[in-house]
Visitor: 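There's a structure below that I have some questions on.
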Amino acid sequence: NWAKAYITALTEAGIVSGFPDGTFRPLKDISRAEMIEMLIRSINLGDKMDSLTQPEPSFIDVDQDHWAFRSIEIADTLGVLPVHFGIIFEPEIPTTRAETAYIIKSLIDLRIHEGKLAKVDSQQGTLTITTSGGIDRQVTMAFDTAIYRNNVEADLNRLLRGDEIY
């Protein structure tokens, strides 16, 4: 199959895992749930966001028992889903190219910074984060910026130097 090398690379990266029976079906349409699962895995935030509590599902047709529930909720929390989804996600219908392109573009536009908090300037609305490579990055907070301190969403005024943030 023409997709074999791509499937192998994505499998090795942990982005795809195939079906429970161990098969891949590259000619099968990709559902909305499958696309969201792959894209959320690709940005490596799922484990960090596992501690977030979601009081009730965001979509009336995706309950907490659905296999892609966490990824769908993470995508919704990040604000990367098309607005036409509204409160109905329809996880099993094939995703369209337009939906996929919108979500990919939204994920690309996300600015995700990870590291230890070195400095907070509440007056200027900036943070200085030291990355795992030892590089200091100054981040200016936008009105819609979400900060997670030690895997819990936190306000700017609740951050402490040395916190692990993203």
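Values in this document were obtained by computation on a predicted structure and should not be read as measured data. We number each residue from 1, following the sequence as shown.
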Visitor: Determine the minimum heavy-atom distance between K116 and G162, stating which atoms define it.
Guide: NZ-O, 3.9 Å
Visitor: Same cluster or not: are F85 and V83 linked, directly or through other Ile, Leu, Val, Met, Phe, Trp or Tyr residues, by side-chain heavy atoms under 4.5 angstrom apart?
Guide: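 Different hydrophobic clusters.
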Visitor: Distance from I15 atom CD1 to I43 atom CD1, nearest 0.5 Å?
Guide: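 I15 CD1 to I43 CD1: 10.5 Å, rounded to 0.5 Å.
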Visitor: Let me see the working for I72 and F59 under side chain to side chain contact (heavy atoms under 4.5 Å, CB included), right down to the final yes or no.
Guide: CA-CA 9 Å; I72 293 167; F59 300 97; 3.7 Å; yes
Visitor: Under 4.5 Å between side-chain heavy atoms, hopping through other hydrophobics if needed: is there a path connecting M38 to I93?
Guide: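 Not linked; separate clusters.
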Visitor: Hydrophobic cluster membership, with links at side-chain heavy-atom distances under 4.5 Å among I/L/V/M/F/W/Y: are V16 and I104 in one?
Guide: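 Yes, it is one cluster - the side chains of V16 and I104 are joined through contacts under 4.5 Å.
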Visitor: Closer than 3.5 angstrom, by distance alone: can the side chain of Q138 be matched with the main-chain N or O of T126 as a donor-acceptor pair?
Guide: no
Visitor: Between F24 and S17, which heavy-atom pair has the shortest distance, and what is it?
Guide: CZ-C, 3.7 Å
Visitor: Using 0.5 Å steps for rounding, measure from the CD atom of E73 to the CG atom of L81.
Guide: 9.0 Å
Visitor: Checking one residue: I87. Which other hydrophobic residues are in its cluster under the side-chain 4.5 Å linking rule?
Guide: I60, I88
Visitor: To the nearest 0.5 Å, what is the distance between CZ on R32 and OG1 on T100?
Guide: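 Taking CZ in R32 and OG1 in T100, the distance rounds to 9.5 Å.
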Visitor: Using the salt bridge (charged side-chain N to carboxylate O under 4.0 Å, His left out) rule, take R25 and D21 through it: C-alpha gap first, then chi angles, then the decisive distance, then the call.
Guide: CA-CA 11 Å; R25 300 175 194 151; D21 65 2; 3.1 Å; yes
Visitor: What heavy-atom pair brings L127 and V120 nearest, and what distance separates the two atoms?
Guide: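 The pair with the smallest heavy-atom distance is CD2-CG2, 3.9 Å.
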Visitor: Of all residues at least two apart in sequence or in a different chain, which pass the side-chain hydrogen bond (donor to acceptor under 3.5 Å, both in side chains) check with E92?
Guide: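 Partners of E92 under the side-chain hydrogen bond (donor to acceptor under 3.5 Å, both in side chains) test: H66.
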Visitor: Determine, stepwise, if the pair F89 / I36 fulfils side chain to side chain contact (heavy atoms under 4.5 Å, CB included).
Guide: CA-CA 11 Å; F89 186 77; I36 291 298; 3.7 Å; yes
Visitor: What distance do D29 atom CG and M35 atom CE have between them, rounded to the nearest 0.5 Å?
Guide: 10.5 Å
Visitor: Within the side chain of E99, is there an N or O that forms a donor-acceptor pair under 3.5 Å with the backbone of T96?
Guide: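 Yes, because the side chain of E99 sits within donor-acceptor range (under 3.5 Å) of the backbone of T96.
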Visitor: Is it the case that the side chain of D61 and the backbone of E90 share a donor-acceptor pair, with hydrogens and angles ignored and the cut-off at 3.5 Å?
Guide: yes
Visitor: Mind listing the closest non-hydrogen atom pair of I129 and H113 along with its distance?
Guide: CD1-CB, 3.8 Å
Visitor: Quick one: does D76's side chain get under 4.5 Å of S58's, heavy atoms only?
Guide: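 They are in side-chain contact.
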Visitor: If only side-chain N and O atoms count, and only distance matters, is there a donor-acceptor pair under 3.5 Å linking T130 with D136?
Guide: yes
Visitor: Is the backbone of L39 close enough, under 3.5 Å, to the side chain of S42 for a donor and an acceptor to pair up by distance?
Guide: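 Yes: the side chain of S42 pairs with the backbone of L39.
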Visitor: Starting at CZ of R70, measure out to CD of Q64 and round the result to the nearest 0.5 Å.
Guide: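 One gets 9.0 Å once the value is rounded to the nearest 0.5 Å.
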Visitor: If only atom types and distance count, is the side chain of T131 paired as donor or acceptor with the main-chain N or O of I135 below 3.5 Å?
Guide: yes
Visitor: Count I, L, V, M, F, W, Y as connected when their side-chain heavy atoms are under 4.5 Å apart, and connections chain through other members. Are F19 and I30 then in the same cluster?
Guide: no
Visitor: Does a side-chain heavy-atom distance below 4.5 Å link Y102 with R97?
Guide: no
Visitor: Pick one: which of P91, S31, S71 meets side chain to side chain contact (heavy atoms under 4.5 Å, CB included) with E37?
Guide: S71
Visitor: What is the distance from atom CD1 of I147 to atom CG of L117, rounded to the nearest 0.5 Å?
Guide: 8.5 Å
Visitor: Please enumerate all residues that pass ring pair (Phe, Tyr, Trp, His ring centres under 6.0 Å) together with Y6, with sequence neighbours excluded.
Guide: none
Visitor: Taking NZ in K28 as the centre, count heavy atoms belonging to other residues, nucleotides or ligands within less than 6.0 Å. Is the count above 12?
Guide: yes
